Amino acid sequence: MKIEVRQVSHPDAVRAYGTDDLRRHFLIESIFETDEIVLTYSHIDRLVIGGALPATKPIHLSAPTPIGQEFFLAQRELGVINIGGAGRISLDGTAHELAPRDCLYIGKGVIDVVFESIDTANPAKFYLLSTPAHAAHPSMLIKPEQAKQVKLGDQLTSNKRTIFQYIHPDVCDSCQLVMGLTQLDPGNMWNTMPSHTHDRRSEAYLYFDLANDQRVFHMMGDPSETRHLVVANEQAIISPGWSIHSGVGTSNYAFIWAMGGDNKSFTDMDHIPISALR
């Protein structure tokens, strides 16, 4: 296992960041490495963001030093979405098979978590997002058709999309974790525009299904002092509560969003008119 720790950046400091500093603090460039679990521990709401790619062997989820516990989920919950080939996750000996785009919620208190691929020639890619947890909720496998689906946007504004709400109060119990996937319709490039902030929660994005020679221009920062990051396929963004989070791709893509904070209300957000952005 590999883990990196990221500290919190004050918005006043971020205004002075150049490209390298913005990328170092808010972009996670490496999520998936063969036969590894790669994690980033952010002190923004203590999110843990990462990936597991069990190509040739099963991988066990251990508790690195920053977690500060005997096992990873002693005081945490975990959401997993598979964006690779078919895979399997075993929870204290109980196996759950995940097809592409299936989600598994794993509750606090699960001791032994093992990731493996069904076909090593087409390995699973498990995207991971963990938040602190105060109570134990049942683990639950959620398929795309079981998610709450919300259709938003318009072809005329190039933001027609379907939101799949997997770990959401209408679908699955959790302590604070909310997690889902957004698929843009063909010919649509913008996500989350008009943009918003939600000071009660922080968020992380994983951009995927993007061709290797294409990019997403991810907008971030205070609405009056916006910045951008150029993001490649299977890279992630950390978005603090004070920052907008929006993006436009040079081609079609999908992204996984996940949040933690004071509430689980998906609609609790402070909308920013496009005319107010600078």
Side-chain angles (χ1 to χ4, degrees), residues 1-5 28-42 46-133 136-144 146-147 166-167 172 174-175 177 179-181 204 206-209 233-236 254 256 258:
M1 175 184 286
K2 299 178 181 179
I3 188 165
E4 177 190 359
V5 176
I28 305 174
E29 296 190 72
S30 180
I31 294 284
F32 298 108
E33 296 184 16
T34 300
D35 291 332
E36 289 277 5
I37 295 175
V38 180
L39 302 176
T40 297
Y41 184 110
S42 172
R46 299 192 180 275
L47 301 180
V48 176
I49 305 146
L53 202 173
T56 66
K57 62 182 180 180
I59 310 174
H60 292 255
L61 180 65
S62 59
T65 299
I67 298 299
Q69 298 287 345
E70 185 178 347
F71 57 98
F72 190 92
L73 294 171
Q75 294 292 333
R76 284 187 163 271
E77 57 189 351
L78 175 64
V80 183
I81 295 179
N82 180 19
I83 63 167
R88 181 183 298 113
I89 303 176
S90 297
L91 307 178
D92 290 338
T94 300
H96 301 269
E97 295 199 358
L98 277 74
R101 299 201 177 197
D102 283 357
C103 174
L104 182 64
Y105 171 76
I106 307 174
K108 171 183 176 291
V110 175
I111 296 173
D112 189 32
V113 180
V114 182
F115 303 99
E116 57 184 315
S117 295
I118 303 298
D119 179 4
T120 57
N122 182 26
K125 290 182 177 180
F126 297 112
Y127 176 65
L128 317 176
L129 196 295
S130 174
T131 54
H137 294 287
S139 299
M140 180 177 178
L141 177 64
I142 309 156
K143 293 185 172 294
Q146 297 171 308
Y166 289 99
I167 303 174
C172 172
S174 68
C175 290
L177 178 61
M179 189 175 191
L181 184 155
L206 174 79
Y207 288 104
F208 72 105
D209 275 2
N233 187 46
E234 297 179 358
Q235 293 183 341
I256 296 170

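This is a predicted model, so every value here is computed, not measured. Numbers here simply count residues along the sequence, with the first being 1. Side-chain atoms are counted along with the backbone in the values below, which use heavy atoms only and exclude waters and symmetry mates.
- Under the 4.5 Å side-chain criterion, counting only non-hydrogen atoms from C-beta, Pro144 is in contact with Asp102.
- Taking the salt bridge (charged side-chain N to carboxylate O under 4.0 Å, His left out) definition, one finds that Arg88 meets it with Glu97, Glu116, sequence neighbours left out.
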Could you please spell out the steps behind the side chain to side chain contact (heavy atoms under 4.5 Å, CB included) verdict for Leu128 and Phe115? CA-CA 11 Å; Leu128 317 176; Phe115 303 99; 3.9 Å; yes
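- The two residues Gly107 and Ser139 come nearest to each other via the heavy atoms N-OG, 3.1 Å.
- Thr131 has its side chain out of reach of Cys175: every pair of non-hydrogen atoms, C-beta onward, lies at least 4.5 Å apart.
- For the atom pair CG of Leu177 and CD1 of Ile106, the computed distance is 10.5 Å after rounding to the nearest 0.5 Å.
- Side-chain N or O atoms of Gln69 include none that pairs as donor or acceptor with a backbone N or O of Gln75 at under 3.5 Å.
- The closest side-chain heavy-atom distance from Leu129 to Ile256 is not below 4.5 Å.
- Considering only heavy atoms from C-beta on, Leu61 stays 4.5 Å or farther from Phe71 through its side chain.
- Tyr166 OH to Met179 CE: the interatomic distance, rounded to the nearest 0.5 Å, is 9.5 Å.
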Would Phe208 and Asn233 satisfy side chain to side chain contact (heavy atoms under 4.5 Å, CB included), going step by step from the backbone distance to the final call? CA-CA 5 Å; Phe208 72 105; Asn233 187 46; 4.0 Å; yes
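- Here the CG-CD1 distance, from Leu206 to Ile49, works out to 10.0 Å after rounding to the nearest 0.5 Å.
- Checked by atom type and distance alone, the side chain of Ser90 never pairs as donor or acceptor with a backbone atom of Ala95 at under 3.5 Å.
- Considering only heavy atoms from C-beta on, Leu91 comes within 4.5 Å of Val113 through its side chain.
- Minimum interatomic distance between Ile142 and Cys172 (heavy atoms only, all atoms of both residues): CD1-CB, 3.9 Å.
- Closest approach of Val114 and Pro58 over heavy atoms only: CG1-CB, 3.7 Å.
- For the atom pair CD1 (Ile81) and SG (Cys103), the distance works out to 4.5 Å, reported to the nearest 0.5 Å.
- Note that CG of Asn82 is 10.5 Å distant from CG of Leu104, once rounded to the nearest 0.5 Å.
- Phe126 places none of its side-chain heavy atoms less than 4.5 Å from the side chain of Phe32.
- Judged by distance alone, with hydrogens and angles left aside, the side-chain atoms of Asp35 form a donor-acceptor pair with the main-chain N or O of Ala55 at under 3.5 Å.
- Under a 3.5 Å cut-off, the side chain of Thr120 and the backbone N or O of Thr56 do not form any donor-acceptor pair.
- Asp209 is linked by a salt bridge (charged side-chain N to carboxylate O under 4.0 Å, His left out) to Arg101, counting only residues two or more places apart in sequence or in another chain.
- How far CG of Leu47 is from CG of Leu39: 12.5 Å, rounded to the nearest 0.5 Å.
- Partners of Lys108 by salt bridge (charged side-chain N to carboxylate O under 4.0 Å, His left out), not counting sequence neighbours: none found.
- With a 4.5 Å cut-off on side-chain heavy atoms, Gln235 and Tyr207 do not count as touching.
- Checking side-chain atoms of Thr40 against main-chain N and O of Glu4 turns up no donor-acceptor pair under 3.5 Å.
- When all heavy atoms of Pro66 and Ile3 are compared, the pair lying nearest together is CG-CD1, 4.1 Å.
- Listed here is the closest heavy atom pair of Ala124 and Ala86: CB-O, 3.9 Å.
- Side-chain atoms of Ser130 come within 3.5 Å of backbone N or O of Glu77 as a donor-acceptor pair.
- Side-chain contact between Leu73 and Ile111: absent, with no pair of heavy atoms (C-beta onward) separated by less than 4.5 Å.
- Exactly one residue among Glu234, Glu36, Glu33 makes a salt bridge (Lys or Arg N to Asp or Glu O under 4.0 Å) with Lys125. That residue is Glu234.
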